[in-house]
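Each chain gets a letter, A, B and so on, in the order the sequences are listed, and its residues count up from 1. Keep in mind that the numbers below use all heavy atoms, side chains included, and drop hydrogens, waters and symmetry copies.
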Amino acid sequence: MESLNTKQYEAATYGEGPLLILAGAGSGKTRVLVFRVAYLIREKNVKPWNILAVTFTNKAAGEMKERVVGLLGNEGKNVDMGTFHHICARILRRHIDRLGYKTNFVIYDDRDQLSAIKTILEREGIDDKSVPPKKIQAIINTAKNQSISPVQSARNSMGFFKEKMILVIEEYEKLLRQGNALDFGDLIYLTVELFKENEDLLEEYRKRWSFILVDEYQDTNPVQYQLIKMLAGGLMNITVVGDDDQSIYRWRGADISNILDFERDFPGAHIVRLEQNYRSTQRILSAAGSVVEKNVGRKGKDLWTEVGEGELLTLCQTSNEYEEARYVLDEIGSIHGSDDRRYSDFAIFYRTNAQSRVVEEELLKRAIPYTVVGGMKFYDRMEIKDILCYLRVIINPDDTVALKRVINTPPRGIGKKSIADMEEKAIDMGASLYRAIELEKGNKKIIAFRSMIESLCAKKETLDTADLLREVLIQSGYVKKLKDENTVEARSRLENIEELEEAIREMIGEGEESSIESFLERTSLMSDVDNYSEKEERVTLMTLHSAKGLEFPAVFMMGMEENLFPHSRSKDDIEALEEERRLCYVGMTRAREHLYLTYTKKRRVFGSEQYNIPSRFLSDIPEELMQRVNIEPAFASAYSGSYGQSGGAHSESYGRKEKVVQAGFVGGGFDDDKGLALDEVGGYARGSKVRHPTFGEGVVRGGEGSGEKAKIAVYFPRLGLKKLLLKYAPLERV
DNA sequence: TGCTTTAGGTTTTTT
DNA sequence: ACCTAAAGCA
């Protein structure tokens with residue numbers, strides 16, 4: 001490991017008691033944390049399992065563990081690391097019976113949560129316009145983030161439908177309890193409750209974790225703060241690392257005052273400031289600083305660097321979002337070509353996920369490999385959720401949310417009426433929906449469904465998770481239905497299901513705890529950034545929020561416009577505006593060398609055209625740090641170089657939509673052979689046979705493009721025609 | 001009951 | 001512009 005500077009060393013080797021490390025962007029805080037863990041173990045004889053390190057994402061925890069192991073060897077593996085949610089889930093798996101739950105609880109994500117709320121509304125005959133489900137959801141989550149009982153919080157609220165809202169929330173909590181389910185908020189909220197009610201357990205964990213480290217402390221919310229305070233309460237060996245300028249999760253309940261008031265909350269706290277930046281050029285730092293400087297509620301710091309001045313930032317105005325995308329990709333193309341850069345050196349950030357679409361289309365046209373972090377998560381896809389819900393029902397039939405999802409998926413003739421009847425019976429019995437189904441005698445279709453579930457439940461005892469999944473796919477008729485459909489869509493869903501099975505086999509192969517429960521837990525607590533790998537040679541697209549903690553040689557921030565960034569929903573609220581400003585700071589400080597800020601005069605929002613003025617953040621950047629570029633539609637083709645055959649500003653004429661489905665290939669149903677003009681590409685002749693690790697054997701149908709952008713079209717018997725980027729396609733001659 | 005059509009809402013960010 | 005959820009039809 002690289003050596004530490006004076007401040008870093010001071011932080012890493014500080015002794016006992018509360019420690020606040022104010023770590024500016026790019027100041028090497030992970031290095032310090034890792035070194036500190038190693039120091040405690042090596043020099044202070046702290047046992048690895050007596051250290052708890054809380055991180056913001058699983059990926060951060062994984063990286064930290066890897067680096068600790070790098071320093072200490074296998075001993076480092078025993079340090080407890082994870083996100084708040086993971087650590088709490090682990091505690092609750094051991095002790096939640098004390099709160100009247102069973103330890104094999106399931107975790108409801110926010111979509112499950114929303115279905116649960118909708119179920120209640122329907123059941124109670126409450127109209128979802130007077131009591132909007134999303135609003136209920138917000139009340140529940142906000143309350144739990146504040147460590148307040150949601151029912152209590154609703155009681156304290158004001159409003160027209162207060163009584164109804166209280167009822168819905170009460171019933172929601174009952175439904176979850178009955179189904180032995182916890183929502184995200186519960187994981188932390190109930191852990192705090194557990195410790196409040198069980199002094200002995202708290203004592204046990206205080207002893208176990210004699211040193212606690214918390215990363216990204218500026219983004220902790222009140223309930224997390226309370227938990228930390230409880231756990232650190234004995235020895236007060238608490239180290240927190242954070243940067244008040246990078247607090248961007250206020251809307252999720254994060255409270256910036258946790259970091260601002262650390263010294264007050266933990267008297268005698270030692271403070272170390274890390275202000276040397278090892279990442280960006282001075283110009284980038286100055287520009288970012290000038291944006292965040294405008295905030296009032298901050299500790300203030302001076303970042304400096306030895307990297308050097310660097311080049312000017314580029315500020316580009318275009319006429320619309322298509323031009324914007326083209327400009328960005330032109331620049332990527334030219335830096336990639338001349339600077340010996342890998343595609344993975346480039347990142348494109350935007351404020352809202354919806355902005356990715358236009359850029360993706362352009363990337364596909366140019367056959368530049370890319371990944372989108374965020375947006376639709378793998379485990380959120382319809383088919384994956386369906387299958388996971390089957391597993392949930394098998395391990396716990398009282399999980400009514402899961403049961404309702406699978407009861408008629410695929411269609412098996414169980415309609416609204418039958419379900420409503422069953423639900424009514426269940427309420428009369430005071431039991432879950434499944435208990436009513438268990439007793440059903442008349443309805444043949446329901447009985448058939450029940451025996452299917454029973455048969456699957458029986459198999460659970462003898463089969464491992466992957467084989468059970470297979471059994472689900474067969475018995476439910478899910479795969480058969482997709483195969484019969486035989487559309488591109490259905491085939492892609494089948495592929496995803498295969499990928500799910502693969503993920504389970506992988507888990508089993510790793511020799512870790514591989515029960516269905518732990519698999520389900522993993523899937524629900526997985527974040528998007530967790531799956532992101534910088535090793536792949538791809539341009540990265542993500543929201544500014546996802547970008548936290550990462551760095552790239554070249555960064556493009558798109559849509560720097562009023563109403564988009566700062567977002568229109570933030571502009572009337574000073575606190576929210578300050579947060580947008582911090583978000584801008586976070587984005588800019590991800591860049592090592594090249595930083596581009598782009599905006600357009602006109603943009604399509606919800607189908608209609610919107611004219612925005614440049615973001616106020618841009619005017620905070622001193623002019624001498626930037627060079628301005630103005631792209632007029634007439635010159636667009638000059639900029640888009642060899643791709644600009646369209647000549648005009650509108651790219652709709654490009655027609656065919658393509659979708660990246662997986663690493664290394666671009667493709668999905670093509671209904672024609674247009675663009676497959678080549679008879680030979682990269683040494684593969686039309687008609688020759690090739691093998692792909694995922695898709696199996698196929699026949700070359702043709703190719704297009706050349707050099708970097710060469711694509712090969714291969715027909716795979718089961719899957720249809722796929723266009724693969726030759727450069728990345730792991731093909732083998734057969 | 002189930003498929004197709006239409007209407008409505010949606011987009012701020014996510015463990 | 002896009003996706004989901006309710007309404008409408010077979």
Side-chain angles (χ1 to χ4, degrees), chain A residues 54-61 82-89 107-111 113-115 118 122 128-129 132-134 137-138 141 144-145 182-189 216 219-221 223-224 247-254 321 349-358 361 373-377 379-380 382 408-419 445 481 485 521-530 542-548 559 563-571 573 576-577 579-580 582-584 586-587 603-610 652 657:
Chain A
V54 187
T55 57
F56 201 68
T57 63
N58 300 305
K59 182 168 179 268
T83 62
F84 274 105
H85 290 86
H86 257 109
I87 284 154
C88 288
I107 299 165
Y108 278 8
D109 65 21
D110 51 337
R111 280 167 68 199
Q113 187 180 36
L114 207 58
S115 336
K118 283 179 180 167
E122 210 170 314
D128 63 0
K129 283 181 185 74
K134 289 228 161 126
Q137 187 176 36
N141 293 339
K144 288 177 181 172
N145 283 339
L182 308 191
D183 59 32
F184 276 132
D186 282 333
L187 287 172
I188 301 165
Y189 173 64
E216 307 283 11
D219 282 323
T220 50
N221 63 33
V223 71
Q224 290 166 339
S247 170
I248 55 173
Y249 285 97
R250 193 180 82 105
W251 49 273
R252 208 168 73 189
E321 68 268 37
F349 300 156
Y350 34 78
R351 180 65 234 270
T352 67
N353 275 308
Q355 285 168 259
S356 73
R357 222 195 77 248
V358 176
E361 278 171 18
V373 177
M376 189 59 145
K377 277 182 270 184
Y379 292 109
D380 271 349
M382 184 170 71
N408 201 35
T409 316
R412 48 173 72 90
I414 301 175
K416 255 193 175 158
K417 181 79 172 60
S418 314
I419 297 171
K445 289 176 171 153
K481 185 184 177 254
E485 268 180 42
E521 178 173 319
R522 245 211 248 199
T523 60
S524 49
L525 295 181
M526 187 92 90
S527 79
D528 294 311
V529 189
D530 293 339
M542 63 174 90
T543 62
L544 287 156
H545 280 87
S546 301
K548 191 171 70 163
N563 295 319
L564 193 58
F565 191 34
H567 197 269
S568 53
R569 301 256 281 249
S570 299
K571 67 179 172 196
D573 177 351
L577 263 175
E579 178 139 317
E580 298 273 328
R582 292 192 291 268
L583 194 53
C584 186
V586 168
R603 156 184 315 275
R604 226 164 227 289
V605 180
F606 296 149
S608 58
E609 291 189 328
Q610 204 178 77
E652 291 81 15
K657 255 195 207 167

field: DNA chain B base-pair string [pairs: Watson-Crick or G-U under 3.5 Å; |: paired with another strand]
entry: ||||||||||.....
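Going from atom CG of A:Asn408 over to atom P of B:dT1 covers 8 Å, rounded to whole Å. As a whole-Å value, the separation of A:Ile107 CD1 from B:dT14 P is 19 Å. Note: NZ (A:Lys134) to C1' (C:dA5) measures 12 Å, nearest angstrom. Between the CG atom of A:Leu114 and the P atom of B:dT14 there is a distance of 17 Å, rounded to whole Å. The separation between A:Phe184 atom CZ and B:dT14 atom P is 13 Å, rounded to whole Å. When rounded to the nearest whole Å, the span between CD of A:Glu521 and P of B:dT15 equals 15 Å. Rounded to a whole Å, the CD atom of A:Gln355 is 17 Å from the P atom of C:dA1. A:Arg569 places its CZ atom 8 Å from the P atom of B:dT11, with the value rounded to the nearest Å.
Heavy atoms of A:Arg111 sit nowhere under 4.0 angstrom from any nucleic acid atom. Among the atoms of the strands shown, only primed sugar atoms or phosphate atoms (P, OP1, OP2) are found under 4.0 Å from some heavy atom of A:Ser418. Looking at heavy-atom distances under 4.0 Å, A:Lys144 makes no contact with the nucleic acid at all. As judged by a 4.0 angstrom heavy-atom cut-off over every strand, A:Asp110 is placed among residues making no nucleic acid contact. Among the protein residues, A:Asn58 comes within range of no part of the nucleic acid, since none of its heavy atoms lies under 4.0 Å from any strand. Counting non-hydrogen atoms under 4.0 angstrom, A:Ser524 reaches nothing in the nucleic acid.
Scanning atom types as modelled, one donor and one acceptor separated by under 3.5 angstrom connect the side chain of A:Trp251 and the base of B:dT13. At a cut-off of 3.5 angstrom, counting only N and O atoms as typed in the model, there is a donor on one side and an acceptor on the other between the side-chain of A:His85 and the base of B:dT15. In this model, a side-chain donor or acceptor of A:Arg351 finds a partner on the base of B:dT13 within 3.5 Å.
The side chain of A:His567 sits closest to B:dT12 out of B:dT13, B:dT12, B:dT11. Comparing C:dA5, B:dT10, B:dT15 by their closest approach to the side chain of A:Lys118 singles out C:dA5. Of the listed nucleotides (B:dT14, B:dT12, B:dC3), B:dT14 has the atom at the smallest distance from the side chain of A:Arg252. Closest to the side chain of A:Pro411, from the set C:dC2, B:dT13, B:dG2, is B:dG2.
Using a cutoff of 4.0 Å between basic side-chain nitrogens and carboxylate oxygens, A:Lys134 and A:Asp110 are not scored as salt-bridged. We find that A:Asp219 and A:Lys548 are joined by a salt bridge, their nearest charged nitrogen and carboxylate oxygen being less than 4.0 Å apart.
Put simply, the side chain of A:Arg412 never gets that close to the backbone of A:Lys445: no donor and acceptor are under 3.5 Å apart. In this structure, A:Glu361 contributes its side chain and A:Val358 its backbone to no donor-acceptor pair below 3.5 Å. Looking only at distances, no side-chain donor or acceptor of A:Gln113 sits under 3.5 Å from a matching main-chain atom of A:Asp183.
Comparing the same atom, P, in B:dT13 and in C:dT4 gives a spacing of 15 Å after rounding to whole Å.
Distances shown here put every side-chain N or O of A:Asn221 at or beyond 4.0 Å from the OP1 or OP2 atom of B:dT15. A:Asn353 has a side-chain polar atom (N or O) that falls below the 4.0 Å cut-off from OP1 or OP2 of B:dT13. Residue A:Ser546 places no side-chain N or O under 4.0 Å from the OP1 or OP2 atom of B:dT13. At the phosphate of B:dT14, OP1 or OP2 sits under 4.0 Å from a side-chain N or O atom of A:Thr543. The side chain of A:Ser568 places no N or O atom within less than 4.0 Å of a non-bridging phosphate oxygen (OP1 or OP2) of B:dT11.
The line from CD1 of A:Ile419 to CG of A:Asn408 is 6.0 Å long, rounded to the nearest 0.5 Å.
If you check the side chains of A:Asn145 and A:Gln224, you find no donor sitting under 3.5 Å from an acceptor.
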- prompt: Between A:Glu122 and A:Lys118, is a salt bridge (charged side-chain N to carboxylate O under 4.0 Å, His left out) present by the stated rule, with each step listed?
  reply: CA-CA 6 Å; A:Glu122 210 170 314; A:Lys118 283 179 180 167; over 6 Å; no
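Stacking between A:Tyr249 and B:dT13 is absent: the aromatic ring centre is not both under 5.5 angstrom from the base six-membered ring centre and within 30 degrees in plane angle. Ring-to-base geometry does not place A:His545 in a stacked arrangement with B:dT13 (centre distance under 5.5 Å, plane angle under 30° required).
Ring geometry for A:Phe56 against A:Tyr249 counts as tilted: the plane angle lies between 30° and 60°, on a 0 to 90° scale.
In terms of position along DNA chain B, the nucleotide closest to A:Lys481 lies nearer the 5' end than the nucleotide closest to the other residue of the pair A:Ala354 and A:Lys481.
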